[in-house]
K.L.:
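Okay, here's the structure, questions in a sec.
Below, read A as the first sequence line, B as the second, and so on, with proteins coming before strands; counting in each chain starts at 1.
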Protein chains: 4
Amino acid sequence: VADSKTTVSILGASGYTGGELLRILLQHPGVEVVGATSQQFAGEFLHKAHPNLRGRTQLKFVARNELPAADVVFTCVPHGAGMAAVPPLLERGSRVVDLSADFRLRDAATYQEWYGVPHAAPDLLSKAVYGLPEIHREAIRGARLVSGVGCTATATNLALYPLAKAGLLTTGPVVADIKIGSSASGMDATVASIHAERSRTIRLYAPTGHRHVAEVDQVLRLAGSTAPVHYSAHAVELVRGILATCHVFLSRPDVTEKDLWKAYRAAYGTEPFVRLVKERSGLHRFPDPKLVAGSNYADVGFELEEGTNRAVAVCAIDNLVKGAAGSAVQCMNLMLGLDETAGLMQIPLHPV
Amino acid sequence: VADSKTTVSILGASGYTGGELLRILLQHPGVEVVGATSQQFAGEFLHKAHPNLRGRTQLKFVARNELPAADVVFTCVPHGAGMAAVPPLLERGSRVVDLSADFRLRDAATYQEWYGVPHAAPDLLSKAVYGLPEIHREAIRGARLVSGVGCTATATNLALYPLAKAGLLTTGPVVADIKIGSSASGMDATVASIHAERSRTIRLYAPTGHRHVAEVDQVLRLAGSTAPVHYSAHAVELVRGILATCHVFLSRPDVTEKDLWKAYRAAYGTEPFVRLVKERSGLHRFPDPKLVAGSNYADVGFELEEGTNRAVAVCAIDNLVKGAAGSAVQCMNLMLGLDETAGLMQIPLHPV
Amino acid sequence: VADSKTTVSILGASGYTGGELLRILLQHPGVEVVGATSQQFAGEFLHKAHPNLRGRTQLKFVARNELPAADVVFTCVPHGAGMAAVPPLLERGSRVVDLSADFRLRDAATYQEWYGVPHAAPDLLSKAVYGLPEIHREAIRGARLVSGVGCTATATNLALYPLAKAGLLTTGPVVADIKIGSSASGMDATVASIHAERSRTIRLYAPTGHRHVAEVDQVLRLAGSTAPVHYSAHAVELVRGILATCHVFLSRPDVTEKDLWKAYRAAYGTEPFVRLVKERSGLHRFPDPKLVAGSNYADVGFELEEGTNRAVAVCAIDNLVKGAAGSAVQCMNLMLGLDETAGLMQIPLHPV
Amino acid sequence: VADSKTTVSILGASGYTGGELLRILLQHPGVEVVGATSQQFAGEFLHKAHPNLRGRTQLKFVARNELPAADVVFTCVPHGAGMAAVPPLLERGSRVVDLSADFRLRDAATYQEWYGVPHAAPDLLSKAVYGLPEIHREAIRGARLVSGVGCTATATNLALYPLAKAGLLTTGPVVADIKIGSSASGMDATVASIHAERSRTIRLYAPTGHRHVAEVDQVLRLAGSTAPVHYSAHAVELVRGILATCHVFLSRPDVTEKDLWKAYRAAYGTEPFVRLVKERSGLHRFPDPKLVAGSNYADVGFELEEGTNRAVAVCAIDNLVKGAAGSAVQCMNLMLGLDETAGLMQIPLHPV
């Protein structure tokens with residue numbers, strides 16, 4: 001390990017989020033990956049699970065108890081396992097970015113309500129920071145424990161946050177209609193995930209009751225909104241990508257397009273990874289997950305409906321990057337005092 | 001031509017709707033296709049434009065002025081061309097099913113508002129019947145001119161009509177979030193439609209202002225609803241199929257799932273082509289366009305959101321069948337006094 | 001059960017081949033489905049496994065020991081299980097179409113070589129007929145046991161058989177380069193089959209050594225060819241469909257396109273389900289699985305390479321229909337003396 | 001323009017190859033993009049044509065006559081236009097990488113044979129170097145004019161070159177069975193390219209007679225092979241990517257797997273962008289275009305058929321990168337004496 005570089009490791013590195021972290025971190029100028037665990041692949045080269053990494057590293061997966069100490073550890077474990085895995089890592093002195101859902105919600109009761117089990121480390125909840133830099137940048141800088149973000153929540157939050165902050169969402173309702181690609185389900189092999197079933201489906205898997213709505217409520221309330229958020233989520237034909245189409249009813253009937261531009265520019269004017277996409281003509285007038293594939297960008301746009309108080313706010317992200325590994329690395333950069341964009345400036349692919 | 005069979009012909013038969021009519025009518029036991037026009041393909045076998053028809057007919061495309069007289073003529077011409085094409089056919093004594101948008105709206109002013117030109121045959125508007133048998137069955141039986149239906153409007157109408165009829169939509173708002181496949185754009189070759197751009201897009205092509213909303217307004221008002229309908233439409237990776245996810249806020253806070261079952265069963269209990277899809281478990285719990293491909297079915301389902309007055313009503317159709325050619329043939333069957341389901345009972349493909 | 005109808009049942013009906021048999025047989029005018037077994041779904045409606053069948057039958061899956069007697073039984077069980085399942089059914093007096101691989105090869109030693117286990121019913125091998133009507137029509141008519149066909153073998157056999165029969169393949173080599181959709185893998189949920197991995201792959205899963213080559217050898221030898229057949233198979237992005245691109249080196253250097261037309265017309269001139277596709281212009285010049293989806297057609301075409309003795313022979317089928325359930329029903333029709341095309345004339349979908 | 005950076009410009013920058021060059025060059029540490037032409041988009045920001053570039057440059061398209069002088073010019077013009085565009089650029093003192101097909105073949109007669117028109121700058125043919133660094137690295141270093149490469153030819157050449165060089169291809173035949181994604185057709189909007197037709201097709205668009213075979217012949221002859229190369233090309237469901245499956249019959253019957261490893265390692269052991277992919281187990285045993293998307297890698301693998309002299313050699317590339325813009329930038333790096341890998345080390349995406 002080079003002296004000058006920060007060391008990072010990944011607990012649970014054989015899934016898609018782990019693979020995406022590796023892809024980003026192996027190209028990151030300021031850190032060195034020193035360990036990656038996998039029960040299934042321990043002893044094998046990383047490219048056995050992540051064939052895209054072939055030729056880029058000689059690192060092999062190790063078992064969990066062999067994970068070397070590191071300055072930063074990313075934990076990519078299932079919901080419920082994060083709250084057990086994180087405390088010992090913090091005690092060892094590592095900073096932690098936990099990509100399970102366990103440290104996203106501030107309130108233990110809300111956690112239990114949505115995830116069905118009591119929280120095992122409730123004291124850590126107040127110390128953990130929700131890992132969305134666009135909302136919590138300063139708190140992330142000083143944190144030792146940052147949570148990952150729900151991927152659909154991130155698209156929804158980034159679409160709606162400027163409206164909430166500008167006081168335009170006080171009445172509601174807000175409906176987030178989510179479209180999501182298959183990589184968000186990870187590598188779980190079930191009949192629901194096989195190609196013959198999952199391909200070209202538009203499967204309304206959560207008409208109501210999606211857990212990520214709790215993360216949206218949490219963010220919007222912080223921004224002053226009291227509007228109820230309703231959520232419906234569809235699996236669509238796509239591997240990477242989420243589009244959140246948010247149907248909102250604005251507080252005031254006289255809101256203009258200029259007002260909305262002002263709200264979005266105020267929120268994101270200097271954000272390195274949010275692009276406002278709203279064109280009058282051409283093919284690519286609004287955000288589309290196809291146009292952010294492989295990048296950490298969140299493309300955000302909106303349209304007012306003529307003659308009504310309705311607006312459509314929309315955000316497209318790559319669920320594996322801005323919706324998971326990319327935001328996590330962005331948080332790591334902030335925690336370490338590195339350039340926030342380090343390792344994350346890859347231009348998306350088009351066409352793809 | 002066999003004496004006993006009704007004759008049918010198609011004006012504008014080289015596009016996808018024309019092809020789908022031919023696919024259905026060539027397998028229909030009660031009619032004989034006697035003519036099909038195409039400017040581009042005149043003189044060529046039908047399978048030159050519709051390769052699936054190879055080996056099934058020796059019919060060739062003819063020029064428009066060569067179209068033989070027929071008991072029923074289907075007109076598949078662009079919006080604006082239907083109102084010119086239809087009157088002479090009616091005068092010749094044919095019954096007409098017009099698949100352009102020109103005879104869908106009852107009101108000439110509304111037509112002009114949405115389509116930007118004055119209506120050329122306003123007197124026919126009152127005689128034309130909107131060709132959705134689930135709503136206008138009796139009127140269709142006696143009609144000489146029936147309109148086709150807007151494909152996204154049909155999915156939305158079939159999702160919402162039972163709620164409107166049951167008096168559950170008096171307040172609103174209603175948001176229809178539409179996902180649609182590429183065949184709905186026909187064979188127009190533009191950069192927007194090429195595979196490299198259209199594939200795997202989730203393109204919000206109409207966040208607001210979709211013309212089909214006028215057809216929904218018209219149907220829901222007939223059913224007694226005054227709720228404003230808002231519409232957003234996305235092009236998604238799919239060739240055939242539409243899913244309309246309708247987010248509704250019910251008039252009464254105490255509506256139960258049982259009430260909704262009652263409303264949907266009252267509306268569709270005996271409908272041959274509407275299937276109620278709402279399962280508690282399994283992979284296919286709600287309607288999915290993947291599961292109706294190639295068939296005239298409209299799968300309809302719903303879910304109540306716990307603790308709120310919101311419901312999600314959803315309908316999946318094959319845009320080329322129930323959203324166009326299938327409904328048109330169903331109307332023809334009614335107009336001719338044939339079995340309403342003749343030629344339309346094909347079981348959808350799964351998986352596909 | 002109506003007196004006049006032949007009864008059929010399916011052993012192992014919850015997979016894709018079973019579902020496709022049900023789709024075809026439920027629309028078949030001459031038979032009645034009286035039973036369908038599934039371990040997993042016993043007691044449930046058929047549409048629980050096959051959502052496309054919703055509304056079309058009240059039949060429920062039964063356990064294997066509850067399968068009612070029937071005139072014809074289709075066995076859809078894994079390779080190795082067919083040879084155990086078939087004998088008792090024959091003894092009960094049923095005719096059997098076995099869709100496992102167990103009765104495809106005439107020679108027990110060849111079976112063992114390719115499938116790795118000794119054959120459990122070698123005496124039945126000589127009585128079983130390979131269920132490809134285009135090759136073995138007369139034998140099928142009189143048979144009590146007919147095998148299904150390997151899906152990739154069927155595409156390859158139908159492409160090459162006319163050349164072999166015309167004596168144009170005596171020298172070789174022949175290379176069959178196969179492209180196949182995901183439904184051919186059935187509902188097995190493995191990482192290899194999940195959408196994120198299987199989608200948009202071009203996975204060369206069998207560069208050499210595919211078992212189906214034995215079925216091709218068997219057919220071509222019967223037709224007099226001694227050319228060695230080499231096989232490479234790729235999983236491609238498609239749910240239904242196979243394209244076999246066969247690269248052949250003709251016996252004589254002076255073979256003309258006219259000779260090839262003659263060979264193909266001689267072989268298939270009156271075949272109800274083989275369409276010769278070879279156009280000089282237009283988009284659909286050669287067979288394409290996209291153009292046979294949902295149908296029992298095998299589209300066959302060819303091209304001579306100018307200045308060499310190489311030809312490309314190509315066949316496209318829907319693997320679930322002509323490559324499995326459709327050919328099986330075609331055999332059933334022959335065995336029962338019904339119209340060979342009964343229940344199988346569905347026009348394919350386009351576009352899809 | 002920073003003093004220290006080499007300037008580059010692109011003639012014909014609004015297509016997919018131009019966009020891909022821009023994506024790579026805007027992230028390249030050693031050059032500065034100073035101009036990009038487009039007839040259609042002159043005066044507009046680059047992201048109007050290439051939405052992925054939004055936020056990454058303030059450059060606008062210019063008309064062709066406004067193209068600023070640059071150290072290196074990439075010409076992305078149609079076949080036939082390159083030979084007119086290149087000479088004036090060379091005279092202005094620029095180095096040129098021409099991505100049309102006009103300077104790929106060394107022989108003017110061969111050019112005319114395949115492209116149907118006489119070559120307009122035959123004297124330049126002997127000075128141009130074929131831009132495949134794995135074959136012509138040293139010549140490229142000194143060249144002022146380098147051609148781009150045919151995308152399917154590159155996959156085929158990289159699969160076969162080691163065998164030719166090792167003397168294993170003297171007899172033949174060699175059959176290259178090509179599968180290619182839609183981005184290779186560029187942005188041309190024709191019925192052949194629309195999503196409804198192009199999606200999920202396996203369209204054998206060139207059973208014989210593909211122009212790229214001339215580039216393969218040229219490379220293999222240089223490597224000493226006299227085997228005739230036969231070519232068949234299929235459009236498949238994919239946006240980016242090519243798989244060349246090459247069926248070869250080796251010169252000697254006793255070639256072992258070890259011999260093949262030796263041949264491939266000798267050819268590519270130190271190549272920065274060729275990865276040998278040949279695993280005994282796991283999901284990703286052979287090259288797959290899905291696994292190189294967005295990268296300059298060419299994944300190459302092979303398998304011997306047991307008991308015969310046949311081998312299957314296979315190469316997967318991203319047609320827009322290694323098959324076009326990536327190889328072009330690799331050549332530019334060599335021409336300028338930069339690190340050959342500069343700007344090209346992006347790890348591919350998985351899954352995608």
K.L.:
Please rank C:L238, C:V239, C:I347 by heavy-atom pairs under 4.5 Å with chain B and give me the top one.
P.N.:
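Top count of heavy-atom pairs under 4.5 Å with chain B: C:I347.
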K.L.:
Which atom names give the shortest non-hydrogen contact between B:M345 and C:Q27, and what distance separates them?
P.N.:
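Shortest heavy-atom separation between B:M345 and C:Q27 comes out as O-OE1, 3.5 Å.
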K.L.:
Determine the option with the most heavy-atom pairs under 4.5 angstrom with chain C, choosing from B:R200, B:H47, B:H284.
P.N.:
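Most heavy-atom pairs within the cutoff with chain C belong to B:R200.
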K.L.:
Minimum heavy-atom separation for B:L276 to C:R54, with atom names?
P.N.:
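It is O-NH1, 3.6 Å.
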K.L.:
Applying side-chain contact (heavy atoms from CB on, under 4.5 Å) to C:H350 and B:L53, what does each step give before you reach the verdict?
P.N.:
CA-CA 9 Å; C:H350 177 258; B:L53 304 182; over 6 Å; no
K.L.:
Side chain, backbone, both or neither: which part of C:S281 has a heavy atom under 4.5 Å from chain B?
P.N.:
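Both parts, backbone and side chain.
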K.L.:
Using side-chain heavy atoms (C-beta onward) and a distance below 4.5 Å, is C:E279 in contact with B:K48?
P.N.:
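They are in contact (side-chain heavy atoms under 4.5 Å apart), so the answer is yes.
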K.L.:
Would you say C:N52's side chain and B:P348's backbone share a donor-acceptor pair under 3.5 angstrom?
P.N.:
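Present.
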K.L.:
Taking side chain as everything from C-beta outward and backbone as N, CA, C, O, which of these in C:V277 sits under 4.5 Å from a heavy atom of chain B? Side chain, backbone, both or neither.
P.N.:
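For C:V277, backbone and side chain are both near chain B.
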K.L.:
Could you give the distance from CG (B:L349) to CG (C:D318), rounded to the nearest 0.5 Å?
P.N.:
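The CG atom of B:L349 sits 7.5 Å away from the CG atom of C:D318.
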K.L.:
Select one option (side chain, backbone, both, neither) describing which atoms of C:Q346 are under 4.5 Å from chain B's heavy atoms.
P.N.:
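Both parts, backbone and side chain.
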K.L.:
If every non-hydrogen atom of C:L320 is compared with every non-hydrogen atom of B:P351, which pair is closest and at what distance?
P.N.:
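The answer is CD1-CD, 3.9 Å.
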K.L.:
At a heavy-atom separation under 4.5 Å, does C:R23 approach chain B through its side chain, its backbone, both, or neither?
P.N.:
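For C:R23, heavy atoms of backbone and side chain both lie under 4.5 Å from chain B.
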